[in-house]
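Worksheet for the structure shown next.
Here, residue 1 is the first one in the sequence, and each next residue gets the next number. Counting starts at 1 for both ligands and their atoms, following the listed order.
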Amino acid sequence: MCGIFGIYRNEKAAELVTLGLFAEQHRGQESCGMAVNDGIALRLRKKMGLVKEVFRPEKLTNLQGDIAIGHVRYPTCGASSVYNSQPHVVETLSGPSYALTSNGDIVNYIELRKDLEAKGVYFASTNDGELILKFIVYHVEKQGLSIIEAIREGMKHLKGAYSSLLATKEELYMFRDPYGFRPMVFGELQDGSTVVASESCALDILYPRWFKEVKPAEIIVVNKLGLTHIENDPAEYRETATARHCIFEHIYFSRPDSFVFGESVYKVRMNIGKLLAKADNVQADMVIPVPDSSNFIALGYSREKGIPYEIGLIRNHYVGRTFIKPDQTIRDESVYQKFNALPYFFEGRKVILIDDSIVRGTTLRKITKMIRNAGASEVHLRIGSPPVRYSCYYGIDTPTRKELIASNKSVAEIQEYIGADSLQYLDIQDLRKAVSVPEDYCYACFDGDYPVL
Ligand code: SF4
């Protein structure tokens, strides 16, 4: 999971991209970068670290220009290194410059990279964003295709997830894979400049006149003529009849104040909580979320059951999301740094603890123990998704099946490992009811039905 943000024709491009990336920091905290066009060259800055550290005001003075694209990364394809951070840039001898950022994962990365290397294309990283860029540049510069034709050629060959932005000195291109795995929205600011982001929460802070979604397989070109939409038929490029939006964007990744895949994330999370409650007959004194991604799931559950919603766990917001830290040691230590139980709050009380998902189970085991140590008489664990049994190949860094607890243990064994009095997951059929168009979603990490491999 990563976040992208772009802007066309705004004198404060670098400042606005910084704001947009800051709003998308939850999508990746390992590194960030920005490429800005000043009409002569594309200038690049990318470093390991958070947006507020990498793009301090004094660092923006060298990033002058009115077309800019930026990226926040958490590592999936390629190691944790600044070489794999984005944007990637190509400057050609004939003059044109290209910069690209992308959110997703290319599943046939190795095959396509070998093919391009055999044709003399050089790679400086092991990141799939560079592959997408080099694929397009090769087809434009060596094969004589237009950029649009090269992107279309890419849709035939690049398998997997990509919501991408390509900037040249004159134009901004946005395009999305035919399955629409990752979100992407664009809009217009009050001054007429065009903005594009992974999530609508990053556009909201700029008060856009309007925004809407980039459709699967759509290419949008922004240049001095305005916006040109090239709506390709996704069916020509994909193996499924319908789109495959990542359902986990609603469950966990996206911010609740975003509209993702045409629907409100917070409403989907409320629906999940209600559906979880309807299938449950446990009684308790309170419902508490594992903050923050489970807040609305717990609220929906509480309203449906009429059991009070309480905030019993306090989260330290200055610690990153445990799930997206690349190293297991860091992840384990972060749990205690991140959460604490309210003192004198749980004693003798029956608790329904809500979380969005269980990946390895290590975090929930520690949180359950923390609540018990704080005096809770019972801890009933309810999960707003089905068991995660399969790895993701479309831009989410889920571990191998060996590390996924639900791949190796039954629900009863997981309950015992975590130390809960009971454990109940959301049924996959109920998850489908939580969204408006269930057939347009990917559920592969629950059912192993991968749309493209
Ligand atoms: S496999 Fe899971 S996490 Fe990956 S795209 Fe599909 S639903 Fe999302």
*Are D421 and R372 close enough for a salt bridge, meaning some N to O gap below 4.0 Å?*
yes
_Would you say the rings of H250 and Y441 are close, in the sense that their centroids are separated by under 6.0 Å?_
yes
_Between D449 and Y390, do the side chains contain a donor N or O and an acceptor N or O under 3.5 Å apart?_
no
*Near R182, which atoms of ligand 1 are under 4.0 Å from a heavy atom of that residue?*
5 (S)
_With a 4.5 Å cut-off on side-chain heavy atoms, are V72 and E30 touching?_
no
*Flag the pair E199 and R255 as a salt bridge only when some basic side-chain nitrogen lies within less than 4.0 angstrom of an acidic carboxylate oxygen.*
no
*Are there any protein N/O/S atoms under 2.8 Å from atom 2 (Fe) of ligand 1, and if so, which?*
C445 SG
*asked:* Please report whether the ring centroid of F186 lies less than 6.0 Å from that of H229.
replied: yes
